[in-house]
There are 2 protein chains.
Amino acid sequence: MSTSDSRQRRKQARPAELMAAALDHFVQRGFAATRLEDVATQAGVSKGTLYLYFGSKEMLFKAVIQQGILPALEEGETLLSQHQGDARSLLQALVLRWWAMVGSTPLGGIPKLMIAEAGNFPEVAQYYYEQVIVRIRSLLRRVLQRGIEAGEFRPLDMESCIDVILAPPLMLAIWRYSLVPQGCGKQDPETYLNTHLELLLNGLSVRE
Amino acid sequence: MSTSDSRQRRKQARPAELMAAALDHFVQRGFAATRLEDVATQAGVSKGTLYLYFGSKEMLFKAVIQQGILPALEEGETLLSQHQGDARSLLQALVLRWWAMVGSTPLGGIPKLMIAEAGNFPEVAQYYYEQVIVRIRSLLRRVLQRGIEAGEFRPLDMESCIDVILAPPLMLAIWRYSLVPQGCGKQDPETYLNTHLELLLNGLSVRE
DNA sequence: CAAAACTGACTGACCGGTCAGTAATGTAGC
DNA sequence: GCTACATTACTGACCGGTCAGTCAGTTTTG
């Protein structure tokens, strides 16, 4: 057994371990307040080793953001293309899948991180906007379109609806990485998401 | 005319000017990345002067948070106690009033700031939670209670409902101080809030 | 023993915080 | 009104600690 022993040379596992540690610290402390020595220590290496794999603190930040979110996005897009039932259940499935894959994992800290650091990294913000936000919104737009065409949903202002759908799950994730760790209570995430969906689907539905 | 001339001694106006400048920088850059020299310069004084009014960077931070939010909160509480009509219109009035007094002003950056820095300032987070979040939630709880008792609203899980009501306006404010300044588009805030209220009130309503 | 992975002491820039000094304002005496 | 002195708001050069980034040297591996 030597998988996570110290003082081993494991070139290929280092980047992922360093990025995981960096995400932890960035989310908890912010970019500027994070010390690379701490990140390296948590990943089980020295600061010098970090610089063998990432050219600078900023490059580490970009890497953390970029490879943290793309997998989950692709999952969502295949979910949309394969789904057979009505738009209601598709919307529900997307939200709950997001929670399982992103919201409830360390990746759930990325929205908070991106929001906090957008001002300091305009190019990363731009990248995140185009590669993540635009794609998520387009995904939800297609779901709403499907629901409206099938007569399930009322034809409200679509762009606003998308944001209203997104806000509560995002706030849930942000909350978990900001005030909850300081002991400011939050009830069960599942109950919260279910109430959101209940309220949302009821609000969207055509009255019979 | 000498009100905002430089090199004047204006002891009593300094604290407010310094806090306004500090809020600007903290919201845009984050606490750690904000340089006090920049804050002082923007307020039209030198760094030394800042230290005549605030004992340290952290005390400046606390002052910015504390006196930024309490006035608006009191306004909301008097609105609740004086309102006469149904719960629907009260909820609507509260949201729109918040937008006018907080969301659309520089104070709207405080939620973003608090979220980003909660990990670095547990005591401030605690204070913010108890003095702001708990009070806002209790305010909304009373509104929902009133609506349920009057037969206007369905009796869903109250605590979750409160958070679902809060999330979209909060995200709107957060958005304005994170990605929008980087040129990532957002449509009209009023349209967004109205859709939120429409969706929400429809979702809450008892079906006849 | 050669190459590759890794280390940690070191450097230099940066910034929070200090304080001796400066300039504006107030005031008293003429 | 003017001058002399006291008070107080304000300044900015400086100090010391911190940390991103470097690199000469050490350890592991083939």
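Side chains included, hydrogens not; waters and symmetry mates left out as well; all remaining heavy atoms used. All chains are named by letter (A, B, ...) in the order of the sequence lines, taking the proteins before the strands, and each is independently numbered beginning at 1.
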Which nucleotide in dT7(C), dA5(C), dG17(C) has an atom nearest any side-chain atom of Ser46(A): dT7(C)
Which part of the nucleic acid does Phe54(B) contact within heavy-atom distance under 4.0 Å: base, sugar-phosphate only, or nothing? nothing
Taking CZ from Arg14(A) and P from dT28(D), how many angstroms apart are they, rounded to a whole number? 13 Å
Rounded to whole Å, the CD-C1' distance (Glu37(B) to dT11(D)) equals 11 Å
Has the side chain of Arg35(A) got a donor or acceptor that lies under 3.5 Å from a partner of the other kind on the base of dT18(D)? no
Heavy-atom nearest nucleotide on DNA chain C for Leu50(A) versus Leu36(B): which residue maps closer to 5'? Leu50(A)
Among the nucleotides dT25(C), dC6(C), dG21(D), which one has an atom lying closest to any side-chain atom of Gln8(B)? dT25(C)
Whole-Å distance between dT25(C) P and Arg10(B) CZ? 11 Å
Ignoring hydrogens and angles, tell me if any N or O in the side chain of Arg154(A) forms a donor-acceptor pair with the backbone of Gly203(A) under 3.5 Å. yes
Do the side chain of Thr49(B) and the main chain of Val45(B) share a donor and acceptor less than 3.5 angstrom apart? no
Using whole Å, what does the distance between atom P of nucleotide dG16(C) and atom CG of Leu60(B) come to? 11 Å
To the nearest angstrom, how far is Leu52(B) atom CG from dG17(C) atom P? 14 Å
So does Lys47(A) reach the base of dA20(D) with its side chain, donor to acceptor, closer than 3.5 Å? yes
Under 4.0 Å between a side-chain N or O of Tyr53(A) and OP1 or OP2 of dA5(C)? no
Just call it for Thr34(B): base, sugar-phosphate, or nothing, with non-hydrogen atoms closer than 4.0 Å on any strand. sugar-phosphate
note: Lys57(B), atom NZ; dG17(D), atom P; distance rounded to Å ~ 18 Å
For Gly85(A), is there any backbone N or O sitting under 3.5 Å from a side-chain donor or acceptor partner on Ser89(A)? no
Between dT22(D), dC6(C), dA9(D), which one does the side chain of Tyr51(A) approach most closely? dT22(D)
Of the listed nucleotides dT8(D), dT7(C), dT11(D), the one nearest the side chain of Arg9(B): dT8(D)
Sorted by chain and residue number, the side-chain contact (heavy atoms from CB on, under 4.5 Å) partners of Met101(B) (sequence neighbours excluded) come out as Ala72(B), Glu75(B), Arg97(B)
Please confirm whether the backbone N or O of Val27(B) pairs with a side-chain atom of Lys112(B), one donor and one acceptor, at under 3.5 Å? yes
Would you confirm whether Asn202(B), through its side chain, and Glu198(B), through its main-chain N or O, come within 3.5 Å as a donor-acceptor pair? no
Find the distance Lys11(A):NZ to dG30(D):P and express it as a whole number of Å. 14 Å
Nearest-Å distance for atom pair CD/C1', residues Glu58(B) and dC15(C): 16 Å
Taking five pairs at each end, how big is the angle between the two axes of the helix from dC1(C)-dG30(D) to dC30(C)-dG1(D), to 10°? 0°
Less than 4.5 Å apart, side chain to side chain, heavy atoms only: is that true for Ile69(B) and Leu107(B)? no
Are OP1 or OP2 of dT7(C) and a side-chain N or O of Thr49(A) less than 4.0 angstrom apart? yes
Got a sec, which residues hit side-chain contact (heavy atoms from CB on, under 4.5 Å) with Phe121(B), two or more places apart in sequence or on another chain? Phe31(B), Glu58(B), Phe61(B), Glu117(B), Glu123(B), Val124(B)
